[in-house]
Structures are given as C-alpha cells and as structure tokens.
Amino acid sequence: MRAGEALIRLAASRLTSHAEKPQQSKSETSTMTKVAFIGLGVMGFPMAGHLAAAGHDVTVYNRTPAKAEAWTGQHKGSAAASPREAAAGAEIVFSCVGNDDDLRSVILGGEGAFAEMGEGSILVDNTTASAEVARELAATGAESGIAFIDAPVSGGQAGAENGQLTVMCGGERAAFDRARPVIDAFARAVTLMGPVGAGQLTKMVNQICIAGLLQGLSEGMNFGQKAGLDMEKVIDVISKGAAQSWQMDNRAVTMCEGKFDFGFAVDWMRKDLGICLTEAQNNGARLPVTALVDQFYAQVQACGGNRWDTSSLMHLVAND
C-alpha cells in the first residue's frame with residue numbers, strides 16, 4: 001500500500017472512531033424516558049432542562065426547594081421533596097452535586113435515590129467526585145440490581161447551558177449503551193472510558209492539565225504586559241501557533257483585563273485538585289506542578305477570590 005493511501009485510511013478510521021455517539025441534532029431524541037435529576041446548581045439546572053427539552057419525563061430534586069420551583073417554572077417536569085421521591089419509577093437517575101459526601105447523602109439512606117430505584121434502573125452521576133465513591137456506589141447499587149455510571153463532565157457552565165458538554169464515563173457497556181441516547185441531550189461527546197471509576201479518573205487528568213495550562217497562561221500574559229507589548233496582538237498571533245488552547249481563546253483577553261467572573265469557581269477547582277492529589281498518593285503518580293498550582297489557588301481564596309473563576313491565577317502573578 002502506498003504511504004499516501006495509508007495516511008488517508010488512517011485519517012478516515014480516526015474520523016469514524018472519534019466519538020462514541022453518532023452526530024445528530026438536539027431536536028432528535030430517543031424514545032421518551034422517565035428520568036430524575038438530583039442537584040440543580042449552575043450545571044445541573046440547564047442539564048436537566050435539556051433532558052426535558054428532548055422530550056424526556058423529568059422529575060427534579062434540589063436541596064434548596066426554590067431552585068426546583070424555578071426549574072419547573074421554566075421547563076416541563078415536576079419537582080420532588082426528596083431524592084427518594086424523585087427516583088420513584090425512574091429508568092435513569094442523574095445526580096450532579098458538590099462532592100463525595102453530598103453524593104452519598106442524596107443516594108444512600110432512607111431518603112436517598114437508591115431506596116426507591118428499581119432493579120434494572122441506572123444511576124448516572126455527573127458529579128466530579130472520587131473514583132473511590134464511584135466504586136462504592138456501584139457496589140451498593142449492584143446489590144439491588146441498579147447499574148452505576150460515573151459520568152463527570154467538562155465544558156463549564158456555558159457547555160451545560162448550550163448542551164455541549166463532554167461526558168467521560170465509567171461503567172458496564174450494556175448500561176452505558178442504554179443511557180447514552182439520554183445523555184446525548186446535554187452533550188456533544190459521550191465516551192465510555194472503562195470500568196466504574198474510569199470516568200472520574202479521566203476527569204482528574206482533565207483538571208491536572210488545566211491547572212498547569214492556566215498557570216503558564218497567567219505567567220505569559222503577565223510577562224507580555226510587563227514587557228509593554230500590545231497584548232491584543234500578542235494573543236492574536238500566538239493563538240495561531242503551538243500555544244493555542246481553549247483557555248487562551250476564551251480567557252486570555254479577560255485575564256489581561258483583570259476580569260475573573262466567568263466559569264468554574266476557584267473553590268470547586270481546589271476541591272477537584274484535592275481529589276487528584278489524593279488519587280496520586282494512591283497510584284504513585286507525581287504531581288509537583290498540580291500541587292504548586294493548588295497552593296496558588298489557596299492564595300487566591302485568601303484574597304477573597306473563592307468565587308472567581310480558575311483564570312484568576314493571573315491575579316497573583318500580576319499583583320505579586
């Protein structure tokens with residue numbers, strides 16, 4: 001086979017295997033599924049909305065009832081008084097809460113979702129949590145015939161609102177294949193990464209990469225400003241080369257302007273990096289840059305930047 005033909009075939013194979021799901025418009029949907037959605041924060045609120053817009057029968061639960069009422073005011077669906085009530089009769093239950101302990105509180109116990117989920121149902125957890133809690137909940141659910149998929153997401157608030165999240169999943173193939181057409185409602189890419197826990201581990205890789213990238217971007221932007229360069233031109237030029245990234249395209253300009261009220265909050269990033277560092281202790285991975293950037297974010301918190309977005313590392317280098 002000629003080299004050119006081999007390259008063409010390789011490119012074609014990559015295109016066909018790039019995504020786990022076929023391309024389809026958001027208006028297209030699978031048959032209506034009865035689902036519950038637990039947790040209506042900045043991510044969960046729009047994600048549940050996309051499920052309703054896709055024609056699924058959605059019941060929501062939120063710890064603060066006012067958010068559930070606001071959701072039902074905007075979307076077709078109903079609100080429940082507890083996770084258990086929300087999960088009653090649901091084929092798939094989604095959860096998107098804060099951390100491991102929050103997740104256990106809405107899934108386990110007498111009022112948790114597992115108490116009412118039936119055999120053959122699926123719990124899809126979109127929380128960014130530990131791989132340990134994913135395996136724990138999977139084992140508990142299996143005792144009652146409930147499948148579990150850890151399915152953390154990437155794409156931020158804008159991705160959730162636009163239905164363009166990247167979803168990285170861990171679980172059994174059969175459960176994933178059943179849940180994927182429903183997850184499609186709020187996703188642009190849905191991929192099974194491996195067994196339970198693999199989704200969370202993949203999200204850790206994502207956060208590790210972002211942490212180092214944002215620190216480098218902050219240092220570069222600050223260097224350019226200190227050097228007296230026209231940063232608009234700098235960003236335009238280097239974004240066409242090897243330094244280009246999503247963070248540069250979407251955050252470099254606002255970083256230079258000292259604006260940090262976009263996207264993912266520092267408090268949540270520190271939670272995620274803590275999960276990464278704990279997992280690294282278990283598997284022997286070295287994360288020196290991640291550990292350093294985590295401490296930089298602690299300094300941002302000390303400055304009162306708990307709710308600033310992750311690009312606020314720029315504040316430290318610009319005001320050091």
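D236 places no side-chain N or O within 3.5 Å of a backbone atom of E232 that could act as its donor or acceptor partner. Between the side chain of H50 and the backbone N or O of A160, at least one donor-acceptor pair lies under 3.5 Å. Checked by atom type and distance alone, the side chain of N250 pairs as donor or acceptor with a backbone atom of W246 at under 3.5 Å. Side-chain N or O atoms of D150 include one that pairs as donor or acceptor with a backbone N or O of Q200 at under 3.5 Å. Between the side chain of Y297 and the main chain of T310, a donor-acceptor pair closer than 3.5 Å is present. Without hydrogens or angle criteria, Q225 side chain to C256 main chain gives a donor-acceptor distance under 3.5 Å. Formation of a donor-acceptor pair under 3.5 Å by the N99 side chain with backbone atoms of D102 is found in this model. In this structure a side-chain-to-backbone donor-acceptor pair under 3.5 Å is present from R84 to G110.
Minimum interatomic distance between C96 and G44 (heavy atoms only, all atoms of both residues): SG-N, 4.3 Å.
Members clustered with F148: I38, Y61, V93, V97, L103, V106, I107, L108, F114, M117, L123, V133, L137, I146, V196, by chain and number, using a 4.5 Å side-chain heavy-atom cutoff among hydrophobic residues.
Hydrophobic clustering (ILVMFWY, side-chain heavy atoms < 4.5 Å, transitive): I122 and V153 are in one cluster. A chain of hydrophobic side-chain contacts below 4.5 Å, direct or via other Ile, Leu, Val, Met, Phe, Trp or Tyr residues, connects W71 to F94. Criterion: ILVMFWY side-chain heavy atoms under 4.5 Å apart, direct or through other members. Under it, L214 and I235 are part of a common hydrophobic cluster. The same ILVMFWY cluster, assembled from side-chain heavy atoms under 4.5 Å apart, contains both L217 and V300. In the hydrophobic clustering of ILVMFWY residues, with side-chain heavy atoms under 4.5 Å counting as a link, L192 and V167 come out together.
Between the side chains of E161 and Q157, at least one donor N or O sits under 3.5 Å from an acceptor N or O. For the residue pair Q207 and D272, a side-chain donor N or O sits within less than 3.5 Å of a side-chain acceptor on the partner. T166 and S154 form no side-chain donor-acceptor contact under 3.5 Å, judged by distance and modelled atom types alone.
A salt bridge does not link K34 with E91: none of the charged nitrogens is closer than 4.0 Å to a carboxylate oxygen. Salt bridge R307/D261: absent, no basic N to carboxylate O contact under 4.0 Å. With respect to R173 and D177, a salt bridge is recorded, a charged nitrogen being found less than 4.0 Å from a carboxylate O.
Using a 4.5 Å heavy-atom threshold, the side chains of V182 and H56 count as touching. Annotation: side chain of D309 is not in contact with side chain of F264 (no heavy-atom distance under 4.5 Å). Under the 4.5 Å side-chain criterion, counting only non-hydrogen atoms from C-beta, M248 is in contact with I238. Between Q244 and D249 the shortest side-chain heavy-atom distance falls below 4.5 Å. You'll find the side chain of M269 reaches within 4.5 Å of the side chain of I210, heavy atoms only. Side chains of F37 and M47 form a contact here, defined as non-hydrogen atoms less than 4.5 Å apart. Under the 4.5 Å side-chain criterion, counting only non-hydrogen atoms from C-beta, L273 is not in contact with K271. Using a 4.5 Å heavy-atom cutoff, the side chains of M314 and M221 are in contact.
Applying the ring-ring contact (aromatic ring centres under 6.0 Å, His included) test to pairs two or more places apart or on separate chains, those with a residue in residues 299-320 are F260-W308, W308-H315. Applying the side chain to side chain donor-acceptor pair (under 3.5 Å) test to residues at least two apart or on different chains, the pairs with a partner in residues 124-133 are S95-D125, D100-S130, D125-T127, T128-K203.
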From CA spacing to verdict: side chain to side chain contact (heavy atoms under 4.5 Å, CB included), Q215, V289: CA-CA 9 Å; Q215 180 62 23; V289 173; 5.9 Å; no
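One distance of note links CD of E116 with OG of S144; it measures 11.5 Å at 0.5 Å rounding.
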